[in-house]
Amino acid sequence: ETGIDKPKVVSHFLLERYRAAGIRKAYFILRKGKWDIPQYYGDGSMVNMDLAYLIMNLPHGHPFTIDQTFPFTKDNLVAFGYPDILFAPDDAFSQLIKKQAETKASVILGIFPIRPEQRWVDFLAFGENGKIQTISVSDPSKAVQRIGWAIAIWTPEFSLFMHEFLLEAIQKNNFTTPEGKEYVMNHIFQAALDGGMSIESVVFDDGFVLDVGTSADLKAAQLELLR
């Protein structure tokens, strides 16, 4: 009914963005005990999607978690987003899919402006040729632009690269970077880029991205949406 607010869990917004791009299958990767998520979404009929649920194995960072989908997605184009991040425009994934079809790049990153007051860890840098040069600048305070990626599309080539990268880390029992940090997706993207893999981007200059992963972030996001 018009005029009545209908709250949704945050991850519902991500599923809506998937669906707007024609994506009908999604995987949730859960840690043991998070049965509230499948209890809420069930088989996906409430969001008009086919949903499946996987259990996280190695608790060593996002890439290891995401790699749980490899046996199921290794031959497909993969759309990735964080369930606790809101973003616009609504057709962001559609634009990434279109860019991938045009460029045939192995990875397409969705890049958003980061407001000065927003808490954001990683900023990107472009080279003089307009291509992505650095996925995460070493000193965020010296970033030329406050822009960061939040969503992505990648091909089987990158899925295999990440799987083999992480498999080597497991075999060596080395779950941290040379700097002693937990692996995040930035490290995998950068390694792929350094290895010559094609990584393109779509920059949503008029869009926004909001992390609502903590209560403080949620409050900041509510103020942002009221602008």
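In what follows, residues are counted from 1 in the order of the sequence shown.
The environment of K99 atom NZ is dense: over 12 non-hydrogen atoms of other residues, nucleotides or ligands sit within 6.0 angstrom. Within 6.0 Å of the CD atom in Q39, the count of heavy atoms belonging to other residues, nucleotides or ligands does not exceed 12. Atom NE2 of H62 has 12 or fewer neighbouring heavy atoms from other residues, nucleotides or ligands inside a 6.0 Å radius. The neighbour count for D206 CG, taken as heavy atoms of other residues, nucleotides or ligands under 6.0 Å away, does not exceed 12.
By the 4.5 Å heavy-atom criterion applied to side chains, M197 and F189 are not counted as neighbours.
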Would you check, one step at a time, whether the test side chain to side chain contact (heavy atoms under 4.5 Å, CB included) holds for F13 with Y18? CA-CA 9 Å; F13 290 93; Y18 283 149; over 6 Å; no
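Looking at R19, its side chain does come within 3.5 Å of a backbone N or O of V47 through a donor-acceptor pair. Without hydrogens or angle criteria, T103 side chain to A105 main chain gives a donor-acceptor distance under 3.5 Å.
Side-chain atoms of S106 and E157 include a donor-acceptor pair closer than 3.5 Å.
Aromatic ring pairs are classed by plane angle as parallel below 30°, tilted from 30° to 60° and perpendicular above 60°; the pair Y183 and F165 is perpendicular.
Between F204 and F87, the distance from one ring center to the other does not fall under 6.0 angstrom.
Taking the ring pair (Phe, Tyr, Trp, His ring centres under 6.0 Å) definition, one finds that F126 meets it with nothing, sequence neighbours left out.
Atom CZ of R31 is separated from atom CD1 of I37 by 8.0 Å, given to the nearest 0.5 angstrom.
Among the candidates L109, T134, N186, the single residue satisfying the side-chain contact (heavy atoms from CB on, under 4.5 Å) test with L124 is L109.
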